[in-house]
Visitor: 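Quick one: the structure is below, questions incoming.
The basis for the numbers below is simple: all heavy atoms, side chains too, and nothing from hydrogens, waters or symmetry mates.
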Amino acid sequence: MYNETYKLSNGVTIPKLGLGTWLLDDEQAEKAVCDAVSIGYRHIDTAQAYMNEAGVGRGIHSCGVARDELFITTKVAAEAKTYDAVMHSINESLAKMKLDYIDLLIIHSPQPWQEFREENRYFKENKEVWKAMEDAYTTGKVKAIGLSNFLHDDVENILASCTVKPMVNQILAHVSNSPLELINYCQNKDILVEAYSPIAHGAILDHTEVKIIAEKYGVTAAQLSLRYDIQLGLVVIPKTANPDHMRINAELDFVISDADMETLKNVEAIQNYGEHSFFPVFGDKNKIN
């Protein structure tokens with residue numbers, strides 16, 4: 001999987017498999033980046049909100065692989081909703097990671113986390129945010145720009161006035177939670193969809209129906225879940241600090257049949273993500289850090 005890529009609408013290539021770093025502190029993130037790169041990963045995903053960009057940066061510089069061989073994603077904080085705030089945040093991310101450019105910069109959310117999916121949609125503010133993203137793209141600070149957690153009308157709001165179209169939309173997408181209408185809409189607009197939490201933070205691993213299908217292919221439930229997203233045309237970004245899990249997550253050399261894909265699309269939705277059932281990923285604003 002390490003060498004398999006998609007091509008963004010501007011011609012930039014992005015690895016289909018990336019390493020997620022959510023919930024890793026700086027020290028853990030640095031080691032995870034080094035371990036992942038040594039195994040073969042070339043795509044690393046972080047965010048300002050993760051508070052580990054410095055650690056990710058140290059891993060990038062100490063991993064032994066040239067910078068231009070790596071694809072680094074970070075995300076503008078959801079609370080940055082003015083042009084100046086976004087420009088400041090971009091410069092801050094570059095400084096923390098000690099990088100000259102970011103491969104992919106994403107707006108982490110259409111709304112500040114404490115107002116996520118509430119009435120105020122921040123349409124006007126997001127246009128201003130996007131203008132700052134476009135300017136960073138034009139000046140070469142970032143090689144590609146995109147969105148995260150944007151719904152259909154959030155995306156339409158950007159498309160209505162942008163000069164550079166969003167190249168990705170990173171969303172929650174996994175077996176039992178497949179927003180197929182949003183995925184299809186983005187893909188029809190030539191916006192690549194990325195799946196965060198593609199293994200549902202482990203909640204899918206004990207799902208009986210998923211385990212039965214995984215056994216049919218001689219793979220783990222995690223591998224089946226990752227392959228499912230890839231066959232939907234998505235980038236997958238499983239988070240782990242465990243090198244063994246990194247290796248297993250990349251062993252996806254099998255194909256899920258059309259019939260089994262349809263079954264997986266209709267698996268009953270997970271209602272409880274266990275210890276990971278907190279905001280921002282799953283929407284419990286009362287537990288935000």
Visitor: Test your reading of the model: is there a side-chain donor-acceptor pair from E30 to the backbone of E27, 3.5 Å cut-off?
Guide: no
Visitor: Give me the one residue out of S225, P198, P15 that meets side-chain contact (heavy atoms from CB on, under 4.5 Å) with V236.
Guide: P198
Visitor: Do you know the tightest heavy-atom contact between R67 and I60?
Guide: CD-CG2, 4.3 Å
Visitor: Would you call the rings of H108 and Y50 parallel, tilted or perpendicular if under 30° counts as parallel and over 60° as perpendicular?
Guide: perpendicular
Visitor: Give me the atom names and distance for the closest heavy-atom approach of Y6 to G233.
Guide: OH-C, 3.3 Å
Visitor: Listing request: all side-chain hydrogen bond (donor to acceptor under 3.5 Å, both in side chains) pairs with a residue in residues 206-216, at least two apart in sequence or in separate chains.
Guide: K216-D260
Visitor: Does E181, at its CD atom, have more than 12 non-hydrogen atoms belonging to other residues, nucleotides or ligands within less than 6.0 Å?
Guide: no
Visitor: Where the side chain of W130 meets the backbone of P166, is there a donor-acceptor pair that is under 3.5 Å apart?
Guide: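 No, the answer is negative, given that no donor and acceptor are paired below the 3.5 Å cut-off.
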Visitor: Within the side chain of Q111, is there an N or O that forms a donor-acceptor pair under 3.5 Å with the backbone of N120?
Guide: yes
Visitor: Do T74 and E53 have a side chain donor and acceptor closer than 3.5 Å?
Guide: yes
Visitor: We want to know whether S178 and Y228 form a side-chain donor-acceptor pair, criterion being a heavy-atom distance below 3.5 angstrom.
Guide: yes
Visitor: Mark yes when over 12 heavy atoms from residues, nucleotides or ligands other than M87 sit less than 6.0 Å from its CE; otherwise mark no.
Guide: yes
Visitor: Is the number of heavy atoms from other residues, nucleotides or ligands within 6.0 Å of NZ (K189) greater than 12?
Guide: no
Visitor: Scan side-chain atoms only and decide if Q48 and S93 contain a donor-acceptor pair under the 3.5 Å cut-off.
Guide: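 Short answer, yes.
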Visitor: Crowded around D100 CG? As in, over 12 foreign heavy atoms under 6.0 Å?
Guide: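 Not more than 12 within 6.0 Å, no.
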Visitor: Name all residues meeting the side chain to side chain contact (heavy atoms under 4.5 Å, CB included) criterion together with N3; count only those two or more places apart in sequence or in a different chain, and write none if there are none.
Guide: none
Visitor: Salt bridge (charged side-chain N to carboxylate O under 4.0 Å, His left out), that's the test. Do K81 and E125 meet it? Break it down for me.
Guide: CA-CA 5 Å; K81 292 301 178 191; E125 291 85 351; over 6 Å; no
Visitor: I want to check something: taking the side chain as every heavy atom from C-beta on, are V33 and V37 in contact at a cut-off of under 4.5 Å?
Guide: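 In short, these two side chains touch, coming nearer than 4.5 Å.
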Visitor: Judged by modelled atom types alone, do Y217 and Q223 share a side-chain donor-acceptor pair under 3.5 Å?
Guide: no
Visitor: Does a donor on one side chain and an acceptor on the other come within less than 3.5 Å for N10 and K143?
Guide: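 No - no donor-acceptor pair under 3.5 Å links their side chains.
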Visitor: Indicate yes or no: does E134 engage K131 in a salt bridge with an N to O separation below 4.0 Å.
Guide: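 No, this pair does not count.
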Visitor: Is the count of non-hydrogen atoms from other residues, nucleotides or ligands lying under 6.0 Å from E92 atom CD greater than 12?
Guide: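 Enclosed.
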Visitor: Decide if atom NZ of K165 counts as having more than 12 heavy atoms of other residues, nucleotides or ligands within a radius under 6.0 Å.
Guide: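 Enclosed.
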Visitor: Can you list everything that forms a ring-ring contact (aromatic ring centres under 6.0 Å, His included) with Y83? Sequence neighbours excluded, please.
Guide: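 Partners of Y83 by the ring-ring contact (aromatic ring centres under 6.0 Å, His included) criterion come out as none, since no residue qualifies.
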Visitor: Check each of V56, L104, I237 against D45 using the side-chain contact (heavy atoms from CB on, under 4.5 Å) test, and report the only one that passes.
Guide: I237
Visitor: Regarding T46 and N52, do their side chains bring together a donor and an acceptor under 3.5 Å, going by distance alone?
Guide: yes
Visitor: Indicate yes or no for a side-chain donor-acceptor contact from S38 to the backbone of D35 under 3.5 Å, with no hydrogens or angles considered.
Guide: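 Indeed, once roles are kept as given, a pair shorter than 3.5 Å links the two residues.
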